[in-house]
Amino acid sequence: MTTNKISCILLAGGQSKRMGEDKAFLKLDGQTFLKIIVKKLYEKCDEIILSINKDEEIYQKELNEFLDKITFIKDKNPYDGPLNAVASVADSINNPYVFIATVDTPLLNPELIDFYKEKISDYDCILPVINGKCQPLNTLYKKDALEKAKEVYKSSKSLMSWIDKLNCLKLYEDEISKTDKNLFSYWSINTKDEYERLRSIK
Ligand SMILES: Nc1nc2c(ncn2[C@@H]2O[C@H](COP(=O)(O)OP(=O)(O)OP(=O)(O)O)[C@@H](O)[C@H]2O)c(=O)[nH]1
């Protein structure tokens, strides 16, 4: 049976070296990035896979009201990057569509999920291109594409070497900004300076 259901993977197991503290627990308007993003995904996703490297208890209290949709999965090889994280959760995905989100983009516009679903058609993924740079995260995939992530991870750690094996529809700023006017979904808060800038505009 074909369904329209969607799994969301939230990558929250990075090292946050540039920030110097776990980006998941940075706060904006009194709420952690983690909670802000899970709340958005909760509205749109049938299940949320929280991809982590620390003990799940650390996240549970924070996410109490959303736990019915959340499964916590630790990386098979801790802290080996996003491709390893995707490969680690691939076997746990039960739905035909998969949105892969990042914990350091608190301004993610969840309406992109529906927008990308409308566009994906027979493609394996939607590949946003912002300022000439491909954005393989905060975008939509088909479940089968994650099988290929497992294959590619055997010989590479690069997300782009996975993307190269897929048939992706590239979408550029003009298209994406119809849904996410300022393209803030792709603004990663990686450094203290970025965090300050974010707080100064909010
Ligand atoms: N589960 C998991 N998530 C990761 C891993 N590496 C990065 N991420 C997540 O992927 C997203 C993008 O991460 P990056 O900014 O490239 O890496 P980072 O480790 O968070 O930060 P830096 O150490 O400063 O590079 C963030 O949401 C991270 O939490 C990993 O090894 N495992």
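All ligand and atom numbering here is 1-based and tracks the order in the structure. Along the sequence shown, residues are numbered consecutively beginning with 1.
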Quick one about D193 and T191 (side-chain donor to acceptor, distance below 3.5 Å, no hydrogens or angles considered), yes or no? no

Is K117 close enough and on-axis enough to Y97, meaning under 6.0 Å and within 45°, for cation-pi? yes

Counting from 1, what ligand 1 atoms have a heavy atom of S51 closer than 4.0 Å? 1 (N), 2 (C)

Any S16 heavy atom less than 4.0 Å to ligand 1: yes

Judging by distance only, is a nitrogen or oxygen of L137 under 3.5 angstrom from one on ligand 1? no

For ligand 1, find out whether one of its N or O atoms is nearer than 3.5 Å to an N or O atom of T102. no

Counting from 1 in the order shown, the ligand 1 atoms closer than 4.0 Å to a non-hydrogen atom of D80 are 31 (O)

Side chain, backbone, both or neither: which part of L11 has a heavy atom under 4.0 Å from ligand 1? both

Using 30° and 60° as the class limits, which term best fits the ring planes of F72 and Y59: parallel, tilted or perpendicular? tilted

For ligand 1, does N53 get within less than 4.0 Å through its side chain, its backbone, both, or neither, judged by non-hydrogen atoms? side chain

Per-atom filter on ligand 1: closer than 4.0 angstrom to a heavy atom of D104 are 12 (C), 15 (O), 26 (C)

If we only count N/O pairs under 3.5 Å, is G13 in contact with ligand 1? yes

Polar proximity ligand 1 side, A85 side, N/O cut 3.5 Å exclusive: no

